[in-house]
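So the structure is just underneath, and the comments pick up after that.
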Amino acid sequence: MLVVALTGGIGSGKTTACQLFKKLGTPIIDADEIARLLVQPGQPALNEIVKQFGQSILTAEGTLNRAKLRQIIFSDVDNKTWLESILHPRIRQEMARRINELNAPYCIVAIPLLVETNQMEIADRILVIDAPETEQLKRVTLRDNQSQAEIAEIISSQATPTARLAVADDIIHNDGDLERLQQQVESHHQKYLSLGKTV
Ligand code: ATP
């Protein structure tokens, strides 16, 4: 089976593109969803996080206080490195397990921080969703209740478009309307179906 990693910056259209691939019958494995599942109450990764940062990293309900964790890792790079050492191997293992269970010509593994976390080797091909920064800002402001400045800061903390495009085998240019996005998803789908037959 051909494994296609899909990546792109914030608000580039990754989720929308995945939904379109899914409608065409493509199995999608979502790294963010796996990351969320791994820190649910009772999961070993959450227990390790509590051991490291103390009970105060939990909410009153016993779930992970994500805002607090974000603060802790933004303010100290060692904490970030430690957290990644706990989560990334588990995310990789779970992605590999899910890939192995599939029976399809190809699948898409959505990894927003593929380039930042240097996980390019997980896939046979890398599909980058590329959108102009002005569109990213516009779409995320419309979607979330965040200021342009906050979104711009996230964009600048992520890999540059040049770094992403440097590792891309395929590119979807999400600079137009949804119909244009859909057309590109469909043509990539056809290409991956035929490439999948040869893998
Ligand atoms: P994030 O990195 O924040 O998870 P994302 O890359 O998954 O974002 P989406 O959530 O798919 O991006 O898209 C961001 C917003 O822009 C959504 O509200 C989506 O509906 C909208 N959007 C995406 N592509 C287009 C398009 N071509 N035309 C209009 N709106 C779009």
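In each ligand, atom 1 is the first atom listed, and ligand 1 is the first ligand listed.
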- [ ] Report the C-alpha distance between Arg164 and Asp130 in whole Å, list the side-chain angles of each, state the deciding distance to 0.1 Å, and finish with yes or no for salt bridge (Lys or Arg N to Asp or Glu O under 4.0 Å).
- [x] CA-CA 9 Å; Arg164 256 187 231 107; Asp130 186 50; 5.7 Å; no
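Here Glu135 pairs with Lys138 in a salt bridge; the nearest charged N to carboxylate O distance falls below 4.0 Å.
Inspection of the Glu48 and Gln52 side chains reveals no N or O donor paired with an N or O acceptor under 3.5 Å. Between Thr63 and Glu61, the side chains place no donor N or O within less than 3.5 Å of an acceptor N or O (distance only, hydrogens not considered).
Looking at heavy atoms from C-beta onward, Arg180 lies in side-chain contact with Asp177 at the 4.5 angstrom threshold.
Ring-plane geometry between Tyr192 and Tyr106 is classed as tilted, the angle between the planes lying from 30 to 60 degrees on a 0 to 90 degree scale.
A heavy-atom cutoff of 4.0 Å around ligand 1 is satisfied by the protein residues Gly9, Ile10, Gly11, Ser12, Gly13, Lys14, Thr15, Thr16, Arg139, Arg143, Asn174, Gly176, Asp177, Leu178.
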